[in-house]
Protein chains: 2
Amino acid sequence: MKKLTMKEIAKLANVSQSTVSRVINGKEGVNEKLAKRVLDVINEVGFVPNKAAQTLKQNQSYIIGVCVTETYNPYFVELIDTLESVARNYGYNILLHNSKRNPILEWESMENFVSRQVDGIIFVPTSDYNFEKIRKLPIPVVIVTQNHDEFDSVGLDHYKAGQMVAEKFLFANHTTFGMIGNKPDEKFFGFRDTLAENSFTFEMDNYISIQETSSNSFMIRKDIETYLECITDLPFSSVFTTNDLMAMEFVKAIEERGIKVPEDISVIGFDDTILSKMMGISSIHQPIEEMVKTTMKILLDRIENKVSSSKIQIKLEPTLIERKSSRLK
Amino acid sequence: MKKLTMKEIAKLANVSQSTVSRVINGKEGVNEKLAKRVLDVINEVGFVPNKAAQTLKQNQSYIIGVCVTETYNPYFVELIDTLESVARNYGYNILLHNSKRNPILEWESMENFVSRQVDGIIFVPTSDYNFEKIRKLPIPVVIVTQNHDEFDSVGLDHYKAGQMVAEKFLFANHTTFGMIGNKPDEKFFGFRDTLAENSFTFEMDNYISIQETSSNSFMIRKDIETYLECITDLPFSSVFTTNDLMAMEFVKAIEERGIKVPEDISVIGFDDTILSKMMGISSIHQPIEEMVKTTMKILLDRIENKVSSSKIQIKLEPTLIERKSSRLK
DNA sequence: CTGTTAGCGCCTTCAA
DNA sequence: TTGAAGGCGCTAACAG
């Protein structure tokens, strides 16, 4: 079966091409009989209009470029899935790229988005490396899962999440605290500050640093093992991790060493993904659906209005989901 | 920053638009000085050509439509990720859809692919519901992870996988066998036939049926609970599951009932995903990279040659990855 | 209410 | 070696 064009539909239906166009786009003022004849032909031969031509003509592609940093973390998979569904409801397609935390790939993705004439971009930055260039893009951009002043962004109140975890640990009578992450960030500050307000000092020796490049389970595990090999006893009885992957690998690593969760140590992860669910690890939940819907709404506003008003930052509320990995000490 | 066109680049570089086009596409026979002038302008203003226009003109989009049935199973996530990488290396983009095992959504995706002028389609069928229509599509199509006579397809030798698992269980002295899946399929037949060859009959009562619509952990778990509630003792000491999600939910369900893996029962899953890795469940490994590369090669061949030769079916070799969930009885 | 026409940005003959 | 011109499929004035 060959690809059909409106011209051929027009010939088959014995009308002009513009009439076919009008029928397809539901413009009013078309004779009912003619319209029916056209629709019959379309259904019979299974015609669908050429979106490349529409894009060219209308200067609008109905594509949204999405760039994430990884897919090892199921959290991002759910994010992508939700983005696709929500976009579909608005008549948009998703063009997906994975920067793999590589700024070069990230910029390539952005250029490809421009080239493909996407109407807007939603992305999870890998760093601020490309920010200057991205800000100059002739397309609206919204950052998701993180907040940045120079962009429209929809994230989580990470500081508050850190506070919540600290409060939980304090309430459970813990007096020693650890953290696992790539580097100190908002959730760390929330965690540390709350401890400080309660007269506890967070010892930086208790910060287990995971390399930025360690995205999959295996590499995270390696970084954790490196830490564990350097110590004799775990110097903390509670630990907060930057994501569920880290929580999971930590739990597996210490259990192999005979340390029990939650008897010996309480663990709280982040993202509330299938990983923490299946391992029974407490975790900070992010409202993905709300996040995606908000992001999409902001982006569509920008696409339609094209007015430049000041950038908007939205921080959603975290929730702590308690499972069996944390308890009173 | 506004979107630029070749015309404007041409003006800036003081050449004709066709010269800009020639430079961009690396056509030979352009004066070096001119070419440099053009490239300088392009780099300076960051011009990227409009792919919608190229697609229209060249009747080729360099997009491949990909439709999967779900993303709950991390196996498909890895598949998508690999597809994106491999496609990118060939200069192609991926247009991703998730049919969610819904034939209506599946067909919508196909129509969208046609509309978007994709050069080829790679998909995981949700059923044979749309096969007739899909076969008539004016675009080459390859099925992945499953084999079907009427299409080019790249899958796994599921029958052999079933055989391998049966052999493993037999070798470990098991005499009672269970299976968990949506419905009897090739891997079931391989499993059952091999048992039969060794004088064991597979009891259909031991087939735990998961509804086709139960794709996420929660729903799978519910189907398993329903089964477990109907029996007093587990009538088998070894069980083979259609995917790792099912294996994982089964293990969690029976452990809550005090049944121990592998002491009381051996479990072997399918797909060798992060789920079986983290739970220590033995599983059948699928060579995703090889599968994706093969699929892409076949598709690109079809795109380029446009010759119709007979359809090709490829079945890759399964491998059994042994972990702690299976052992000698 | 319907058809004719111009043009979106690009590539590709064709002519110079 | 370079430029001018036509046309890919579609939409949207404009004319009838």
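The salt bridge (Lys or Arg N to Asp or Glu O under 4.0 Å) pairs that include a residue from residues 68-83 of chain A are A/Glu70-A/Arg101, where partners are two or more places apart or lie in different chains. Sorted by first and then second residue, the ring-ring contact (aromatic ring centres under 6.0 Å, His included) pairs involving residues 25-82 of chain A (not counting sequence neighbours) are A/Tyr62-A/Tyr92.
Residues from residues 36-43 of chain B that place a heavy atom under 4.0 Å from any atom of DNA chain C: there are none. Near DNA chain D, meaning a heavy atom under 4.0 Å from it, residues 108-119 of chain A has no residue at all.
Among residues two or more places apart in sequence or in another chain, the side chain to side chain donor-acceptor pair (under 3.5 Å) test is passed with B/Thr294 by none. Judged as a side chain to side chain contact (heavy atoms under 4.5 Å, CB included), and not counting sequence neighbours, the contacts of A/Lys7 are A/Thr5. Residues satisfying the side chain to side chain donor-acceptor pair (under 3.5 Å) criterion with A/Lys51, sequence neighbours excluded, are absent altogether. Scanning for side chain to side chain contact (heavy atoms under 4.5 Å, CB included) contacts around B/Lys133 gives B/Trp107, B/Asn130, with sequence neighbours left out. Residues satisfying the side chain to side chain donor-acceptor pair (under 3.5 Å) test with B/Glu186, not counting sequence neighbours, are none.
B/Leu34 places its CG atom 4 Å from the P atom of D/dT2, with the value rounded to the nearest Å. For the pair A/Asn59 CG and D/dC10 P, the computed distance is 18 Å after rounding to whole Å.
For DNA chain C, the contact window with chain A, defined by any atom under 4.0 Å from a protein heavy atom, covers C/dC1 to C/dG9 in 5' to 3' order.
The shortest distance between the side-chain N/O atoms of B/Gln17 and the OP1/OP2 oxygens of D/dG3 is not below 4.0 Å. Contact annotation: B/Lys27 does not reach the phosphate of D/dT1 (side-chain N/O to OP1 or OP2, under 4.0 Å).
Taking the C1' atoms of five terminal pairs at each end of the helix from C/dC1-D/dG16 to C/dA16-D/dT1, the two resulting helix axes are inclined by 50°, rounded to 10°.
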All N/O contacts under 3.5 Å from nucleotides 13-16 of chain D to the protein, with atom names and distances to one decimal?
residue, atom, partner, partner atom, Å
D/dA13, N6, A/Arg22, NH2, 3.4

